Each structure stands twice: as C-alpha cells, then as structure tokens.
Amino acid sequence: MNLSAVLHAPRDLRVEERPHPVPGAHDVLVRPGAVGICGSDVHYYEHGRIGPHVVRAPMVVGHEAAGTVVEVGADVDPARVGELVALEPGVPDRTCEQCLAGRYNLCPAVVFFATPPVDGAIAQLVAIDASFAHPVPAGLDVEQAAMAEPVSVGVWAARRAGVSPGDRVLVTGAGPIGLLAAQVARAFGARSVTVTDVSAFRLGIARELGFEGLDAREPLTGAFDVLLECSGAAAAFSAGCAALAPAGRAVLVGMGADTVSLDVALVQAREITVTGLFRYAGTYPTALSLLASGRVRTDVVVTHRFGLAGTDDALTLARRDSRSLKAVVLPQE
Ligand SMILES: NC(=O)c1ccc[n+]([C@@H]2O[C@H](COP(=O)([O-])OP(=O)(O)OC[C@H]3O[C@@H](n4cnc5c(N)ncnc54)[C@H](O)[C@@H]3O)[C@@H](O)[C@H]2O)c1
Ligand SMILES: [Zn+2]
C-alpha cells in the first residue's frame with residue numbers, strides 16, 4: 001500500500017493508492033513520518049500552478065519531509081535501514097555548470113519534490129537519492145527533522161547575508177520562514193534581531209521567541225546591518241532597505257511582489273548589497289544541528305497537525321485560521 005495525497009486539479013486533492021516506489025541503486029526508500037505544508041503546496045492546491053510550473057498530471061504534494069529508511073538500493077549501505085532521515089527535497093544533476101561551481105540550488109535540471117511533474121512526499125513511501133536523506137541527530141523527533149527544510153531557507157538567507165557576530169538583523173514577516181530565519185540569525189551571532197509583521201498573533205510568537213516584534217504599519221526606527229525580507233511585501237522591502245546602515249546587506253526571501261523599487265541614491269551612498277535567494281545548498285547538516293542544540297525551536301511554529309486523510313484541511317488551514325502558522329501532515333496516521 002502507498003496511500004498518497006494527490007492533487008488532481010485546483011482544490012481537488014484525493015488520498016489514493018499510488019504504485020510502491022522502487023528505490024534505484026543509489027536511493028533509499030523512506031516511510032515519511034512528518035511532512036510540513038509550505039506556501040507553495042497551498043498555491044498549487046489553490047491555483048494548480050506557480051508561474052511557469054503547471055500541474056498537468058496528478059501530483060503528490062509536500063516537500064518538507066522526514067522519515068525512516070525502510071529499504072536501500074544496491075549501492076547503499078544496508079546499515080541505513082531503520083535510520084531517521086530528513087529529506088532534502090531537491091536532487092540536482094551534479095554535472096552542470098552551476099552544480100560544478102558548488103551552487104547546486106541553481107541547477108536547472110534539479111528534481112524537486114512537489115514541483116510538477118515531480119511527485120512530493122505526502123505518501124506512505126517515497127524514494128530519494130541516499131545522499132539527500134540526511135541522518136537526524138539524536139534527540140530530534142521526526143516533526144523537528146522535517147522542519148530542517150524551512151530552517152534551511154533561514155540558514156541560506158543568513159549565509160547569503162553574511163550574518164556575523166554583532167550584526168543587527170531585521171526580519172520582515174513573522175511567518176514560519178521569518179520566525180525560523182530570525183532564530184538562525186541569532187544563532188549565527190546577531191547582536192539583536194527585530195521582527196516585523198502586520199499580524200498581532202504572529203508578532204506575539206516572535207516575542208515569545210525573545211525577539212523585538214514591531215508592527216509593520218508603524219514607522220521603522222533604528223539601523224540594521226542585515227535585512228532578511230521574508231514577507232513578500234514590496235513595502236516591507238522598501239522600509240527595510242531604508243533602515244539599513246552603511247554596508248548593509250538585504251536578502252529577498254519572500255516571493256509575491258513581482259517588482260520592488262530600489263532607492264538608487266541610498267544603495268549607492270550606503271553601499272547596500274541586495275541579493276535574491278533560491279532555496280538552499282549544503283544547509284541540511286547545519287539546520288539539523290541548530291535544531292538538535294535547541295537554538296532553533298519549531299514547537300511554537302508548528303501549530304497544527306493532521307493525518308493523511310486530513311491533508312485537505314492542512315492545505316486550507318491558512319485561509320481558515322488566522323491563528324495558525326505551520327501545518328504538518330503525519331502520512332502514517
Ligand atoms: N526564495 C525561496 O527559495 C523561498 C523559500 C521558501 C519560502 N519563500 C517565501 O518566503 C515567504 C515567507 O514564507 P512563509 O511560509 O513564512 O509565508 P507566510 O505567508 O506565512 O508569512 C509571511 C508573513 O509576512 C507578513 N506580512 C505581510 N505584509 C507585511 C509587511 N508589509 N511587513 C512585514 N510583514 C508582512 C504576513 O502577515 C505573514 O505573517 C513567502 O513569500 C514564501 O514564498 C521563498
Ligand atoms: Zn546541475
């Protein structure tokens with residue numbers, strides 16, 4: 001049996017039987033124990049597409065997964081059976097110019113869970129390249145391990161911004177990504193971390209995690225060395241850039257605004273660096289160790305859990321409940 005959460009068309013998700021995956025020689029077969037719901041899963045569910053990526057054939061959703069190895073391919077160490085692993089959802093080709101330059105997140109041939117036509121991980125069984133099934137440190141449960149995916153976005157953002165000890169960091173957007181990125185920035189040595197949002201509920205969680213939480217509708221005061229833009233709101237980017245100190249670094253993590261305006265005089269006079277971010281590369285071991293050390297907490301970020309049959313409810317949670325953050329599906333329940 002391999003019951004899976006399959007998206008057939010917008011708002012048409014069915015839990016149905018899929019073929020038992022056969023691991024290739026370099027793969028492991030994993031029984032996912034927890035899969036987080038990301039905004040991209042919700043977007044595919046609501047609209048059947050994200051930009052050029054269109055769901056043309058039924059597709060299994062979910063890409064923030066962890067589980068237990070139940071079988072290995074011919075070239076994989078059989079001792080891995082029984083291991084708890086966090087699944088890095090994008091497997092690159094390892095041979096293109098970007099991969100060879102060490103930027104495998106930019107590999108144009110990457111095979112990424114739940115990006116059409118590739119099936120995702122909300123299933124009872126899934127096969128993945130063994131090198132992308134990362135061993136989970138002792139003490140972490142499967143749900144925390146699954147959160148290594150959004151934590152990885154935070155790790156990559158902090159690395160792209162060069163967050164270093166002493167930095168004053170501004171995170172715009174207190175969604176799951178912003179709240180995790182803020183914790184990563186603190187772990188990387190930030191002197192202060194300020195988080196903005198328009199939701200009082202989400203600002204409350206930011207404060208519970210020990211951050212200064214500011215209403216994004218209020219004028220922003222203070223100077224920051226780093227902006228991690230995690231809201232996708234153009235206004236947050238403009239306000240955040242204006243609050244950067246000389247030599248400040250801004251990273252555009254949030255998606256949503258197609259264009260943002262850039263104050264050229266400000267970027268020049270303060271020598272501001274602005275960069276984008278696409279997923280992550282080489283972040284899983286760091287993300288997992290930050291989780292294991294307790295420096296990144298997911299207990300306040302994961303607010304709702306659903307069994308496999310409740311995947312529909314998990315995907316509609318955000319629009320139904322303003323007091324929610326991350327939903328997790330437990331595919332074996
Ligand atoms: N670049 C990448 O590879 C990558 C990877 C993962 C996620 N993302 C993006 O990161 C963003 C955050 O993800 P999430 O899951 O936390 O989403 P989310 O929608 O849960 O969080 C966004 C938050 O921004 C807040 N917000 C709205 N307007 C604001 C403003 N003007 N100022 C401050 N906050 C404001 C919202 O209230 C919300 O809490 C999304 O846009 C997502 O698409 C990008
Ligand atoms: Zn490549």
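Both counts, for ligands and for their atoms, begin at 1 and track the order of listing. Bear in mind the structure is a predicted one, so any value in this text is a computation, not a measurement.
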Pocket residues around ligand 1 (non-hydrogen, under 4.0 Å) come out as Val153, Gly173, Gly175, Pro176, Ile177, Thr196, Asp197, Val198, Arg202, Ala216, Cys230, Ser231, Ala233, Ala236, Val253, Gly254, Met255, Leu277, Phe278, Arg279

Original post:
Would you say His26 has more than 12 foreign heavy atoms packed within less than 6.0 Å of its NE2?
Top reply: no

Tested for side chain to side chain contact (heavy atoms under 4.5 Å, CB included) against Leu170, the lone hit among Val226, Leu220, Asp225 is Leu220

Under a 4.0 Å N-O cut-off, is there an ion pair linking Asp321 with Arg323? no

Test log, rule salt bridge (charged side-chain N to carboxylate O under 4.0 Å, His left out), inputs Arg305 and Glu143
CA-CA 10 Å; Arg305 294 164 187 86; Glu143 179 183 291; 2.6 Å; yes

- Message: Ignoring hydrogens and geometry beyond distance, is a side-chain donor-acceptor pair present between Tyr280 and Glu88 at under 3.5 Å?
- Response: no

Any protein N, O or S atom under 2.8 Å from the Zn ion (ligand 2)? Found Asp93 OD1, Cys96 SG, Cys99 SG, Cys107 SG

Check: Cation-pi between Arg94 and Tyr104: NZ/CZ under 6.0 Å from ring centre and within 45° of the ring axis?
Finding: no

Could you check whether His134 and Glu83, counting side-chain N and O atoms only, form a donor-acceptor pair closer than 3.5 Å? no

- Query: Is the closest side-chain donor-acceptor distance between Asp312 and Tyr45 under 3.5 Å?
  - Reply: yes

>> Please tell me whether Gln144 and Thr298 have a donor and an acceptor in their side chains that are separated by less than 3.5 angstrom.
In response: no

